[in-house]
Protein chains: 2
Amino acid sequence: MKSQLSSSTEDYVKTIYAFTEWQDAPITSSQLAARLGVANSSVSEMVRKLKDLGLVDHRPYGAVRLTEEGRRVALTMVRRHRLLETFLVNELGYSWDEVHVEAELLEHAVSDLFVERLAAKLGDPSRDPHGDPIPTAEGAVPRIDAHRLSELDPGHAGRITRISDENPDLLRYLAQERIFLDTDVTVVRRKPFGGPLVVRIDEGGGSRDFDVADEVADAVWVRSGPAHPGCTLEPGT
Amino acid sequence: MKSQLSSSTEDYVKTIYAFTEWQDAPITSSQLAARLGVANSSVSEMVRKLKDLGLVDHRPYGAVRLTEEGRRVALTMVRRHRLLETFLVNELGYSWDEVHVEAELLEHAVSDLFVERLAAKLGDPSRDPHGDPIPTAEGAVPRIDAHRLSELDPGHAGRITRISDENPDLLRYLAQERIFLDTDVTVVRRKPFGGPLVVRIDEGGGSRDFDVADEVADAVWVRSGPAHPGCTLEPGT
DNA sequence: CATAAGTTTTCGGTATGCCTAAATACTACG
DNA sequence: CGTAGTATTTAGGCATACCGAAAACTTATG
């Protein structure tokens with residue numbers, strides 16, 4: 001059933017999956033090429049192979065969609081990646097901006113046995129250090145009830161439950177600005193002429209306002225909450 | 001200084017090093033081919049590349065020897081491998097016969113940072129679960145004062161300090177026969193006509209005799225001790 | 001609805017690392 | 001000391017995964 005896929009194959013499948021994890025539209029060849037840092041022609045070839053392997057559906061000039069089998073493979077990779085990130089942070093003292101690259105290398109090398117022993121040691125976590133849901137070994141993805149900060153209207157309040165790990169510089173910047181998972185925020189307003197969003201951050205002993213650049217607002221996810229400033233959600237687990 | 005070597009390159013270098021770790025003669029092309037499970041012609045090609053990289057000395061039809069740089073690379077790989085084995089046993093509950101293959105995959109994927117953080121977490125061990133010395137980050141190899149069981153004469157007594165991890169079946173067999181690191185043994189005699197070696201094993205509350213097949217006697221290393229039966233060494237650390 | 005603009009695929013080519021088969025160099029024995 | 005036998009290298013090929021350039025197709029526009 002499992003004929004051992006190459007690292008490249010795993011990366012393609014994972015990237016196709018990642019594209020639709022937080023939105024709906026399927027990925028195109030050139031988007032895939034851009035994300036993988038390869039030429040369009042390389043993608044055309046590889047997508048044909050993935051189709052032969054039964055991992056994707058694709059018709060010439062169309063978008064690329066995972067099959068059920070492809071999705072299963074992708075979830076395996078995502079599980080590996082997020083468990084490895086959790087391990088690196090919890091057990092080896094990595095900071096959250098350092099783990100992504102290391103996990104990308106390791107995820108192609110670990111066995112299923114390793115992954116399950118690691119998961120057990122970590123206590124079968126359902127979230128990684130960036131708040132991303134860790135799929136179970138059976139392929140179930142814990143539901144995440146959150147929205148991008150960029151999609152929230154003024155007045156919305158909530159708690160940060162996910163921050164995309166794709167840009168380590170952004171993570172370092174946020175850490176420096178004392179913005180982490182579980183930070184409570186309220187959207188105050190958007191500055192005029194498409195200026196940055198302003199959020200109020202509740203901290204022990206007061207609050208401060210913070211200008212959120214667009215790229216940051218797309219990377220930070222907030223658990224849905226009531227539309228009235230000052231009224232925060234119950235803390236989750 | 002470090003132009004990122006391929007996994008294959010790392011495997012060749014490691015295998016060349018391993019051949020001389022417990023003996024003197026340098027490795028030949030066909031021995032290297034046999035150990036790596038590749039054709040002789042593949043070795044010829046690859047050895048040329050290793051020479052171009054400055055990792056080995058080699059003249060046509062001669063043996064293959066590591067350069068200083070090659071030795072440095074090999075020790076890095078050996079350090080990785082043995083620290084990973086230690087981690088798998090100590091932290092993830094692997095048994096000593098399961099770790100070799102897993103470590104062979106992981107050793108090509110981990111970063112130097114990972115290795116050093118892992119070493120720190122493990123308390124900078126100097127031996128792996130099979131008793132093999134773990135080179136330091138600086139390339140120093142802890143001295144091991146032991147000899148193959150097959151090289152000892154009757155009367156020699158000592159403590160098992162190393163068991164080769166190359167054959168998992170052999171490790172399983174030994175575990176089943178209750179023979180581990182730190183087991184005290186005394187060589188009794190060799191059975192006639194090149195029969196197996198017989199060793200006496202001191203156990204809590206008595207001793208038993210054990211027939212040691214040749215392959216086992218080559219895999220088990222005993223810390224040198226006095227040549228008088230019944231006189232065991234002081235326990236080491 | 002034709003054509004320009006943009007996207008995707010096809011078509012040679014490159015680099016690794018492996019293979020088998022054939023040629024060449026060593027070595028050891030009669 | 002020559003030659004048979006073994007060890008090693010060379011030669012030609014295969015698979016993977018990448019590339020740039022050119023051809024084929026879609027889509028958007030006048």
Side-chain angles (χ1 to χ4, degrees), chain A residues 2-17 19-20 25-66 70 73-74 77 104-105 107-109, chain B residues 2-17 19-20 23 25-66 70 73-74 77 101 104-105 107-109:
Chain A
K2 195 183 199 177
S3 30
Q4 207 52 311
L5 306 169
S6 71
S7 289
S8 276
T9 302
E10 291 178 339
D11 277 336
Y12 275 79
V13 168
K14 196 181 59 151
T15 304
I16 296 165
Y17 174 81
F19 190 82
T20 37
I27 196 168
T28 66
S29 280
S30 44
Q31 286 169 325
L32 192 43
R35 298 207 159 204
L36 289 164
V38 302
N40 288 344
S41 53
S42 306
V43 170
S44 282
E45 268 184 36
M46 196 59 163
V47 166
R48 186 161 17 82
K49 286 178 196 165
L50 295 178
K51 193 181 174 189
D52 292 345
L53 288 170
L55 297 172
V56 304
D57 288 329
H58 178 246
R59 21 190 313 179
Y61 301 97
V64 183
R65 257 170 273 252
L66 291 178
V73 171
M77 298 311 298
E104 295 237 282
L105 293 175
E107 67 193 11
H108 301 299
Chain B
K2 194 184 200 177
S3 29
Q4 208 50 313
L5 306 169
S6 70
S7 299
S8 275
T9 302
E10 290 177 340
D11 276 336
Y12 275 80
V13 168
K14 195 181 62 151
T15 304
I16 295 165
Y17 174 81
F19 189 82
T20 38
Q23 56 151 61
I27 197 168
T28 66
S29 281
S30 43
Q31 287 169 323
L32 191 44
R35 298 206 160 205
L36 289 164
V38 301
N40 288 343
S41 53
S42 306
V43 171
S44 282
E45 271 183 36
M46 196 60 161
V47 166
R48 186 162 15 84
K49 286 177 196 166
L50 295 177
K51 193 181 173 189
D52 292 346
L53 288 168
L55 297 172
V56 304
D57 288 329
H58 178 247
R59 19 188 315 178
Y61 301 97
V64 182
R65 257 169 274 253
L66 291 177
V73 170
M77 297 311 297
V101 172
E104 295 237 282
L105 293 175
E107 68 193 11
H108 301 298

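- Rounded to an integer number of Å, the gap from H108(B) NE2 to dG17(C) P is 12 Å.
- The CG atom of N40(B) sits 15 Å away from the C1' atom of dG5(D) (whole-angstrom rounding).
- The shortest side-chain heavy-atom distance between L32(B) and V47(B) falls under the 4.5 Å cut-off.
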Discussion item. Side chain to side chain contact (heavy atoms under 4.5 Å, CB included), that's the test. Do V13(B) and L5(B) meet it? Break it down for me.
Written reply: CA-CA 10 Å; V13(B) 168; L5(B) 306 169; 5.8 Å; no
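- By the 4.5 Å heavy-atom criterion applied to side chains, I27(A) and T20(A) are not counted as neighbours.
- Whole-Å rounding puts the K49(A) NZ to dT9(C) C1' distance at 14 Å.
- Rounded to an integer number of Å, the gap from E10(B) CD to dT16(C) P is 16 Å.
- Within the nucleic acid shown, S42(B) comes within 4.0 Å of at least one base atom, counting heavy atoms only.
- Recorded end-axis angle for the helix from dC1(C)-dG30(D) to dG30(C)-dC1(D) stands at 20°, based on five pairs per end and rounded to 10 degrees.
- A39(B) comes within contact range of at least one nucleobase, with a heavy-atom separation under 4.0 Å.
- Residues of residues 55-64 of chain A that place a heavy atom closer than 4.0 Å to DNA chain C, in numerical order, are H58(A), P60(A), Y61(A).
- Side-chain to base pairing of S41(A) with dT8(C): no donor and acceptor N or O lie closer than 3.5 Å to each other.
- Atom pair L5(B):CG and dT16(C):P shows a separation of 13 Å (rounding to whole Å applied).
- Nucleotide dC18(D) holds its P atom 9 Å from the CG atom of D11(A), rounded to whole Å.
- The residue S30(B) sits close only to the backbone: its heavy atoms come under 4.0 Å of sugar-phosphate atoms, none of a base.
- Distance check, rounded to the nearest 0.5 Å: CZ of F19(B) to CZ of R35(B) gives 5.5 Å.
- Rounded to an integer number of Å, the gap from CG of D52(B) to P of dG17(C) is 13 Å.
- Remark: S6(A) is in phosphate contact with dA17(D), judged by side-chain N or O atoms under 4.0 Å from OP1 or OP2.
- Annotation: side chain of N40(B) is not in contact with side chain of S29(B) (no heavy-atom distance under 4.5 Å).
- Side chain S8(B) to base dG17(C): no donor-acceptor pair is found below 3.5 Å.
- Residue R48(A) contributes atom CZ, which lies 14 Å from atom C1' of dC18(D) at whole-angstrom precision.
- Among the atoms of the strands shown, base atoms are found under 4.0 Å from some heavy atom of S44(A).
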Discussion item. For K14(B) and D11(B): C-alpha separation, side-chain torsions, deciding distance, then whether side chain to side chain contact (heavy atoms under 4.5 Å, CB included) applies.
Written reply: CA-CA 5 Å; K14(B) 195 181 62 151; D11(B) 276 336; 4.1 Å; yes
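- You'll find the side chain of I16(B) stays beyond 4.5 Å of the side chain of L55(B), heavy atoms only.
- For the atom pair K51(A) NZ and R59(A) CZ, the distance stands at 9.0 Å (nearest 0.5 Å).
- A heavy-atom distance below 4.5 Å is found between the side chains of Y12(B) and V38(B).
- Within the model, atoms CE of M46(A) and OG of S44(A) stand 12.5 Å from one another, a figure rounded to the nearest 0.5 Å.
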